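Have a look at the structure below, then the notes.
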Amino acid sequence: MRFPSYYTYSGDFPNIDPETFRLRIDGLVEHPVELTLAQLRSLHQTHERRVFTCVTGWSVPNVLWTGVPPQRLLELVGAPAEATHLIFHSADGIY
């Protein structure tokens, strides 16, 4: 999957196979799920422009974000109030 315009830290955009992609959400949730790319795309998508700010101090203005809002995913899996942190792994393996 490639997009026409993107910002990358690594200088490359990971090649994601739409047939094998899975987003797993588990841990302290009521309903752990593993979503295919098609299932993820079927959820309500939002489009926003925001400033991307890295924890190391650099930022990129006017970044277009498209996708399912994290709050919607947390609602989907039934994340309780005591779940206060997320751990994610990026497709490029850097994060």
Side-chain angles (χ1 to χ4, degrees):
M1 171 189 323
R2 292 192 72 77
F3 297 96
S5 178
Y6 60 88
Y7 180 83
T8 173
Y9 173 79
S10 66
D12 193 18
F13 197 81
N15 185 18
I16 298 171
D17 181 350
E19 298 302 316
T20 60
F21 173 87
R22 299 293 183 270
L23 173 65
R24 187 177 68 232
I25 307 173
D26 59 12
L28 185 58
V29 299
E30 293 177 18
H31 315 286
V33 298
E34 189 169 284
L35 302 170
T36 65
L37 190 55
Q39 290 169 321
L40 190 58
R41 287 179 171 162
S42 73
L43 299 173
H44 176 73
Q45 306 284 306
T46 61
H47 309 279
E48 300 180 11
R49 288 204 176 271
R50 300 283 185 204
V51 174
F52 178 87
T53 303
C54 181
V55 296
T56 60
W58 57 268
S59 63
V60 180
N62 203 30
V63 175
L64 177 61
W65 294 90
T66 299
V68 180
Q71 184 60 39
R72 174 64 186 113
L73 295 173
L74 295 173
E75 291 166 0
L76 178 72
V77 297
E82 60 266 21
T84 59
H85 294 75
L86 298 173
I87 297 174
F88 74 94
H89 302 275
S90 63
D92 61 11
I94 294 176
Y95 298 101

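These numbers were taken from a predicted model, which means no experiment stands behind them. The first residue in the sequence is number 1, and the count goes up from there.
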Problem set entry | Partners meeting side-chain hydrogen bond (donor to acceptor under 3.5 Å, both in side chains) with Thr46 (sequence neighbours left out) |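 Thr46 satisfies side-chain hydrogen bond (donor to acceptor under 3.5 Å, both in side chains) with no residue once adjacent residues are dropped.
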For this session: Report yes if some heavy atom in the side chain of Leu43 is under 4.5 Å from a heavy atom in the side chain of Leu73; otherwise report no.
Result: yes
Problem set entry | Same apolar cluster (I L V M F W Y, side chains within < 4.5 Å links), Val60/Leu64 |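 Different clusters.
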Residues in side-chain contact (heavy atoms from CB on, under 4.5 Å) contact with [X], at least two apart in sequence or another chain:
X     : result
Thr56 : Cys54, Trp58
Glu19 : Asp17
Thr36 : Arg22, Ala38, Gln39
Val51 : Thr53, Ser59

Problem set entry | Residues forming a salt bridge (charged side-chain N to carboxylate O under 4.0 Å, His left out) with Arg50, sequence neighbours excluded |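 Arg50: salt bridge (charged side-chain N to carboxylate O under 4.0 Å, His left out) contacts with Glu48.
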Problem set entry | Qualifying residues under salt bridge (charged side-chain N to carboxylate O under 4.0 Å, His left out), relative to Arg24, sequence neighbours excluded |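 Testing Arg24 for salt bridge (charged side-chain N to carboxylate O under 4.0 Å, His left out), a comparison that skips the adjacent residues, returns Asp26.
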Exercise. Going by the side-chain hydrogen bond (donor to acceptor under 3.5 Å, both in side chains) test, which pairs reach into residues 76-91, not counting sequence neighbours?
Worked result: Ser90-Asp92
Exercise. Which pairs pass side-chain hydrogen bond (donor to acceptor under 3.5 Å, both in side chains) with one or both residues in residues 62-72, sequence neighbours excluded?
Worked result: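 Pairs touching residues 62-72 that pass the test: His47-Thr66.
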For this session: Give the minimum heavy-atom separation between Pro69 and His44, together with the two atoms involved.
Result: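 Nearest pair, atom of Pro69 first, then His44: CD-O, 3.8 Å.
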Problem set entry | Nearest atoms (heavy-atom pairs only) where Leu40 meets Gln45 |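 Heavy atoms only, the tightest pair is O-NE2, 3.1 Å.
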For this session: Let me see the working for Val68 and Leu76 under side-chain contact (heavy atoms from CB on, under 4.5 Å), right down to the final yes or no.
Result: CA-CA 11 Å; Val68 180; Leu76 178 72; over 6 Å; no
Exercise. With ILVMFWY side chains joined below 4.5 Å, transitively, what does Leu86's cluster contain besides itself?
Worked result: Leu74
